[in-house]
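Report on the structure given below.
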Protein chains: 2
Amino acid sequence: MVATPDPRQRAWARFVTAQAMLLEHIEAAFSEADLPPLAWYDVLWILENAEHGRLRMADLARKAVVSRSNVTRLTDRMEKAGLVARSDCPIDGRGTVCELTAKGRALRAKMWPVYRKQIDTLFSKHLDSREADLISTAFGRIIDSSNQRKSS
Amino acid sequence: MVATPDPRQRAWARFVTAQAMLLEHIEAAFSEADLPPLAWYDVLWILENAEHGRLRMADLARKAVVSRSNVTRLTDRMEKAGLVARSDCPIDGRGTVCELTAKGRALRAKMWPVYRKQIDTLFSKHLDSREADLISTAFGRIIDSSNQRKSS
DNA sequence: ATATTGTGGTTGCATTTGCAATTATAGGCC
DNA sequence: GGCCTATAATTGCAAATGCAACCACAATAT
């Protein structure tokens, strides 16, 4: 490996590499526990924290950072598995609301310990709380700025 | 959004979200410039920094953090595009070495300014050098530990 | 009211990915 | 040498993804 001169570029490179490596471990852990992939967890978690456990498709897509069509297919599968339910939006005839079911809630609760364990051993374990706070605030800035570019 | 109590878990959440958002922007930038996806850049860059611009398939897979079969397909496409060339490994009859071509080198050079611009505006711009260093070292630890888990 | 333009969501199709075989060779052991 | 197991890389097939249409309805203008 050649040294990247700029510390920010090195940070970027490690950021990308770490992400890829950790996701691999996490998906493997879910798979070994006969649980669905991380993307499902994300959707369940987002819905669980939304008002009444429901969200419009587009909002769900934005929060989960996936494309519209992708969230359609994702919820197709999850609906088939009984984890969410779709219904027409009462205030917008075009819209659809995606709602968490009790089964979905239960699955999220079941997935969390597996996920948490991976986060702890792969990630949290290697950070002191000062570092964690710094990473949070720095990435918070990055996310905000990236969000603003959405309009373009 | 509900507040995640543990600062490390919040850091994790933002880490994952930021990654997804930034990759979206970066892929879009490559696409708009009629350039191939980031995965190709990664392979080209890895080869360019390897001895003689060549690497065994398995090593390439490890460095690029992709599965074996995936790297096979990736190099299939890149070979078809004339960016890399495969040949039998002289010291291991099973092996294949993947070598960067002049065309591949040229494409990497052409992609870099586009990539760099995205890294700068989306990522580097929001970090001071102290933060960048901290992120580098923290993620360096995380990557090392994750690598050690590979053996299991 | 009617036309026009915009937005929400889904679908079709091509590309890409992941996983489980499969093939070919290496390396140790007898 | 012959046998057994392990490793390198590829392939087939199913699943997931991205993109460009597409349909239905909303919102605005006239």
Side-chain angles (χ1 to χ4, degrees), chain A residues 19-21 23-43 54-81 84-99 150-151, chain B residues 19-21 23-43 54-81 84-99 150-151:
Chain A
Q19 170 86 337
M21 295 179 75
L23 287 188
E24 215 169 66
H25 283 287
I26 290 165
E27 295 290 10
F30 280 136
S31 178
E32 274 169 41
D34 281 304
L35 290 169
L38 180 56
W40 288 34
Y41 182 89
D42 283 339
V43 168
R54 68 181 77 162
L55 226 41
R56 292 283 295 270
M57 296 299 276
D59 295 329
L60 183 53
R62 253 189 315 101
K63 293 213 184 201
V65 196
V66 297
S67 69
R68 290 272 187 91
S69 67
N70 205 1
V71 92
T72 295
R73 259 73 177 252
L74 199 49
T75 52
D76 280 350
R77 287 169 243 146
M78 295 178 70
E79 191 170 33
K80 206 170 299 179
V84 301
R86 268 186 285 202
S87 53
D88 295 343
C89 176
I91 61 169
D92 185 338
R94 299 164 297 181
T96 306
V97 299
C98 184
E99 185 174 357
K150 280 270 171 62
S151 13
Chain B
Q19 169 87 335
M21 295 180 75
L23 287 188
E24 214 170 65
H25 283 287
I26 289 165
E27 295 291 11
F30 279 136
S31 177
E32 275 168 39
D34 281 305
L35 290 170
L38 181 57
W40 288 34
Y41 182 90
D42 284 339
V43 169
R54 70 181 75 163
L55 227 42
R56 292 280 297 269
M57 296 298 277
D59 295 329
L60 184 52
R62 252 187 317 99
K63 293 212 184 201
V65 197
V66 296
S67 69
R68 289 273 187 92
S69 67
N70 205 1
V71 93
T72 295
R73 260 69 178 253
L74 200 48
T75 53
D76 280 349
R77 288 171 241 145
M78 294 177 72
E79 191 170 32
K80 206 170 297 177
V84 300
R86 267 185 285 201
S87 53
D88 294 345
C89 177
I91 60 168
D92 185 337
R94 299 164 297 181
T96 306
V97 298
C98 184
E99 185 174 357
K150 278 271 171 60
S151 12

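Chain naming here is simple, since letters A, B, ... match the order of the sequence lines and numbering starts at 1 in each. It should be emphasised that the depicted structure is a prediction, and the values quoted were computed from it without experimental measurement.
Inter-axis angle, ends of the helix from dA1(C)-dT30(D) to dC30(C)-dG1(D), five pairs per end, rounded to 10 degrees: 10°.
Every side chain to side chain donor-acceptor pair (under 3.5 Å) that Thr75(B) has, sequence neighbours left out, goes to Arg86(B). Under the rule for a side chain to side chain donor-acceptor pair (under 3.5 Å), Asn70(B) has no partner lying at least two apart in sequence or in another chain. Remark: Ala33(A) engages Leu35(A), Val114(A) in a side chain to side chain contact (heavy atoms under 4.5 Å, CB included) (not counting sequence neighbours). Residues passing the side chain to side chain contact (heavy atoms under 4.5 Å, CB included) test with Ala64(B), sequence neighbours excluded: Ile46(B), Val66(B). Remark: Arg94(A) engages Asp92(A) in a side chain to side chain donor-acceptor pair (under 3.5 Å) (not counting sequence neighbours). Under the rule for a side chain to side chain contact (heavy atoms under 4.5 Å, CB included), the partners of Ala81(B) that lie at least two apart in sequence or sit in another chain are Trp40(B), Leu83(B).
When the C1' atom of dT15(C) is taken as reference, atom NZ of Lys80(B) falls 12 Å away, rounded to whole Å. For Met57(A) and dT7(C), the CE to P distance is 19 Å, given to the nearest whole Å. The distance between atom CD of Glu24(A) and atom C1' of dC19(C), rounded to the nearest whole Å, is 13 Å.
Separating the CZ atom in Arg62(B) from the CE atom in Met21(A) is a distance of 10.0 Å, to the nearest 0.5 Å. For the atom pair Ile26(A) CD1 and Gln19(A) CD, the distance stands at 8.0 Å (nearest 0.5 Å). Separation of atoms CG (Asp42(A)) and CG (Leu38(A)) is listed at 4.5 Å; rounding is to 0.5 Å. Expressed to the nearest 0.5 Å, how far CG of Leu74(B) lies from CE of Met57(B) amounts to 8.5 Å.
For residues 66-73 of chain A, proximity to DNA chain D is found at Ser67(A), Ser69(A), Asn70(A), Arg73(A), defined as any non-hydrogen atom under 4.0 angstrom from a strand atom. Heavy-atom distances under 4.0 Å link DNA chain D to no residue of residues 33-41 of chain B.
The shortest non-hydrogen separation linking Ser67(B) to Ala61(B) is O-CB, 4.3 Å. In terms of heavy atoms, Arg56(B) sits closest to Cys89(B) at NH1-SG, 3.5 Å. Across all non-hydrogen atoms, the minimal contact from Ala58(B) to Arg68(B) is CB-NE, 3.5 Å.
In summary, contact between chain A and DNA chain D, defined as any nucleotide atom under 4.0 Å from a heavy atom of the protein, begins and ends at dA16(D) to dA26(D) in the 5' to 3' direction.
Contact check for Cys98(B) versus Leu55(B): no side-chain heavy atoms found under the 4.5 Å cut-off.
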Protein-nucleotides 25-28 of chain C N/O pairs closer than 3.5 Å?
unit_1  : atom_1 : unit_2   : atom_2 : d
dA26(C) : OP1    : Gly93(B) : N      : 3.0
dA26(C) : O4'    : Arg94(B) : NE     : 3.4

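Sorted by first and then second residue, the salt bridge (Lys or Arg N to Asp or Glu O under 4.0 Å) pairs with a member in residues 26-38 of chain A form an empty list; sequence neighbours excluded.
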